[in-house]
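Following: one structure in structure tokens, then a few remarks.
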Amino acid sequence: MMSDLDYAISQLRACKPIPEPAVRELCYKARELLIEESNVQIVDAPVTICGDIHGQFHDLMELFRVGGDVPETNYLFMGDFVDRGFYSLESFLLLLCLKVRYPDRITLIRGNHESRQITTVYGFYDECLRKYGSANVWRHCCEVFDYLALGALVVGAGSSISDTDEIEVEVVGQFGEVISRMKRPEPSTTATAIGGPPGSGASGSAAGTKGVNNGAVLCVHGGLSPLVDSVDKIRLLDRKQEVPHEGAMCDLLWSDPDEIDGWGLSPRGAGFLFGADIVKHFNHINNLSLIARAHQLVMEGFKEMFDSSIVTVWSAPNYCYRCGNVAAILELGEERSGAGVPWSATDRTTVVRPGPGRRYRVFEAAPQDSRGMPAKKPVADYFL
Amino acid sequence: MSSTPLRFPGPNRFRSDKEKDQTPEAKDRVVQQTDQDASQSRLSAVETGYLVDPFARAFVEGPVQKKLPLINRGTYVRTTAIDQLVTRFLTSTSSRKQIISLGAGSDTRYLRLLTTHRAAAASLLYHEIDFSAVTSRKIRALTRGAPSSPSSPSSLVSELLLSPPTALTDDALASAHYYIHPLDLRTLHPGCALPAGVERGLPTLFISECCLIYLAPQEADAIVRWITTDFSGDVGVVLYEPIGGEDAFGQVMVQNLAARGIVLKTLKKYSSLERQRERLRVLGLVGGQEAADVDFLYECWVGERERGRIGGLEMLDEMEEWRLLARHYCVVWGWRGGFGGWEGAWPVQGGSRV
Ligand SMILES: C[S@@+](CC[C@H](N)C(=O)[O-])C[C@H]1O[C@@H](n2cnc3c(N)ncnc32)[C@H](O)[C@@H]1O
């Protein structure tokens, strides 16, 4: 006998909405689960980190094909499940079902679109109304949004993604083909690239860091806040509310890294811009080796910045059926016992902590009319 | 980025057969329908507070389609940038002048000028050209009784125009100041008969707001040549159109529009700001040529306070998406003679960013 939950999962995997009472039940269970999570969930490596999804259901299926299925692969989604795409409802509810079914194999954190105000402008509200004839389902989902964690801390990530070599960064295409690979440099030597430098435009940009890793990876949708100088401060926030217009919680979901010194005003009208100095200092005092965040469209799917102290991961290929970008997910492996280059005394004085081994899997939009699922695309708007 | 092996989309992914199966008439109908896209976008920008345009509603058939914030912002930039060029031309001297709007569609620019620059409009001769199918829709809207007072027979024509129509048919209008011509632009080339009422000696501004892009390169070029050879006074041209068809965004745009049967025929030939400027120079707008993309226009032509107002109307959720979209559309302007005080009047952009 199939449980209700497994039935819902099979429905949603076929991109079919589930009945309103089932949504209510699911959201209730999800809230019970999420309320127990702290603002910054601790997640053990190995884990696959994903950026914005935005209701592109077929591309989410492609992501699972490329990255492995739940529960075999441990996933961390950094928010923006809904809005813009045509299947926000199916995408979010499927992720939520998987969360309830396999709570230890999938972590969901909140994005700036998981908000009542933004979803009424950017499509999720209209989609719920269209699919159910009332706003009840939207309301249930918004209540879940309020319980989503604000961030996650990945611990125990290995310094290499390979068993045999000290590979720090690997970029892999959607069929598993290696596009580029970069060895972790010996403390005194410079980076060696195999098969083309990962920093070259085609495969996103990544640059290596030195030494063995032991810092954690902070995952958050947007970025840092001038009101938050430590991960502990995030833990103290009262998150169970609509995303406020300003303040620490708003900044974590809205801010962006930028080539500036210190803090700057954000052109988005919420959150801040923050520079390399801010990131490096934050990582240093919080014992972090990397910040992984989403929130910004990157044509190549991912982009490392500031000496690989922060990375943007974007998981919605051909965003809005219009942008022509590829998507990426970030795999962090497990630390192998006794592996790694010792972190030399001189390195200890540098501000940049060596990053974990990182494998970026890059993928394109799902083929049209694939898998026999409805693949109706909204007409992408242009200026005509 | 053009060298990326991961470039989206894969070959032939969304290739549509729609276009090549269609008759010429069906293809023209698709182009004519783009007018409703443009006027829907205009109405959405008006209703959301970006633009003030009391006439936008009158030309939209059916309910208002609310557009995304970035589309509203783009519509705002396009409209206000062209307005600036037009206003400068209109107010540069008090002598008689002429504006010819190519593929004017349901554009409300003339009606807006009549309310904002009524005095200057007295010395202006304004022509609009579009397919008969489009001009007849416009004439219907212009002559319809005002919805606000259904009892009175007043219409936009009787209320607003500076002079009563001397001829008014289903698809054409003539008056001392304003003409609507049901005309296929592909009939315009050097030496062709001038549309009724067009004066070849007046300083004349030509506007193509998302229009010449739908014509084959040689047809579009013939029109600009017609402008620079058959008109003897100062002439100026303003184009608004997409650029950058070769990158990933551009390829998806081409394919998405092809799925609707829309072909951007000059996109390849005039794919950058440089090529657009060169286009106007080669075709005889030798006084000067300038071009700027919509991202630049927003940052540099819209004042800081106005940008604050615009930013406050709707929150843009994705700046990269806006920049990407906005860098794929541009305004190009060129002139011959000491035209309209355009030279050096606005910040100009260097090269394309797509
Ligand atoms: C996208 S609409 C733009 C309308 C208007 N300029 C605006 O910006 O609101 C393009 C217009 O160009 C007109 N057009 C395209 N090709 C034409 C042709 N060969 N002859 C006349 N009009 C044409 C279409 O009918 C349509 O109204």
Side-chain angles (χ1 to χ4, degrees), chain A residues 52 54 80 83-84 111-113 117-118 121-123 126 171 173-174 177 179 196 200-204 245 254 256 258 266-270 273 295-301 312 314 316-328 362-365 367-368 377 379-384, chain B residues 1-10 13-14 31 33-38 40-41 65-71 74-75 78 209-210 213-214 240-242 247-253 255-257 259-260 262 264 294 307 311-312 314-325 328-329:
Chain A
D52 296 30
H54 282 302
D80 278 14
D83 281 344
R84 308 302 297 268
N112 61 315
H113 277 264
Q117 210 198 345
I118 299 294
V121 178
Y122 284 100
D126 291 335
V171 182
Q174 59 190 350
E177 74 282 12
I179 294 169
S200 62
S203 46
H245 288 262
W254 278 94
D256 297 301
D258 196 18
S266 170
R268 299 186 195 246
L273 301 175
H295 196 41
Q296 272 178 302
L297 169 64
V298 184
M299 292 303 283
E300 277 76 32
T312 301
W314 182 265
N318 197 22
Y319 180 47
C320 294
Y321 317 98
R322 178 170 55 201
C323 291
N325 60 292
V326 297
V362 179
F363 60 102
E364 295 183 2
Q368 289 297 292
K377 287 192 308 171
V379 188
D381 233 332
Y382 293 98
F383 302 118
L384 298 173
Chain B
M1 194 182 64
S2 56
S3 63
T4 163
L6 294 162
R7 175 177 182 176
F8 183 88
R13 176 153 290 178
F14 301 126
V31 170
Q33 277 154 11
T34 63
D35 175 51
Q36 277 301 301
D37 285 82
Q40 278 283 4
S41 296
Q65 290 166 17
K66 182 112 186 40
K67 301 283 183 179
L68 284 171
L70 88 168
I71 296 291
T75 302
R78 147 196 190 162
E209 192 173 345
C210 252
I213 188 87
Y214 301 114
Y240 167 80
E241 51 192 36
D247 59 8
F249 176 96
Q251 290 185 355
V252 175
M253 170 164 70
Q255 283 160 357
N256 280 345
L257 292 177
R260 288 180 59 184
I262 298 172
L264 305 173
V294 165
R307 276 208 308 281
E314 294 181 292
M315 199 173 245
L316 270 203
D317 64 329
E318 210 1 286
M319 294 309 297
E320 292 308 314
E321 183 194 17
W322 157 251
R323 287 188 198 110
L324 188 64
L325 181 68
H328 281 83
Y329 288 85

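In what follows, chains are A, B, ... by sequence order, proteins preceding strands, each numbered from 1. Note that these values count all heavy atoms, side chains included, but never hydrogens, waters or copies made by symmetry. Note that the structure is predicted; figures quoted are calculated from it, not measured.
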Chain B contact via A:F383 - side chain, backbone, both or neither, heavy atoms under 4.5 Å: both
Side chain, backbone, both or neither: which part of B:L70 has an atom under 4.5 Å from a heavy atom of chain A? both
Does any backbone or side-chain atom of B:I71 lie under 4.5 Å from a heavy atom of chain A? Answer side chain, backbone, both or neither. both
Can you tell me which portion of B:R307 sits under 4.5 Å from chain A's heavy atoms? Options are side chain, backbone, both or neither. neither
Calculate, to the nearest 0.5 Å, the distance between atoms CG and CD belonging to A:D52 and B:E318 respectively. 7.0 Å
Pairwise distance CG(A:L384) to CD(B:Q40) - rounded to 0.5 angstrom: 12.0 Å
Chain A heavy atoms under 4.5 Å from B:D37: which part of the residue, side chain, backbone, both or neither? side chain
Any Lys/Arg nitrogen of A:R84 or B:D317 sitting under 4.0 Å from an Asp/Glu carboxylate oxygen of the other? yes
Out of curiosity, A:Q296 CD to A:W314 CH2, how far, rounded to the nearest 0.5 Å? 9.0 Å
Tell me every residue that passes ring pair (Phe, Tyr, Trp, His ring centres under 6.0 Å) with A:Y122, counting only those two or more places apart in sequence or in another chain. A:H113
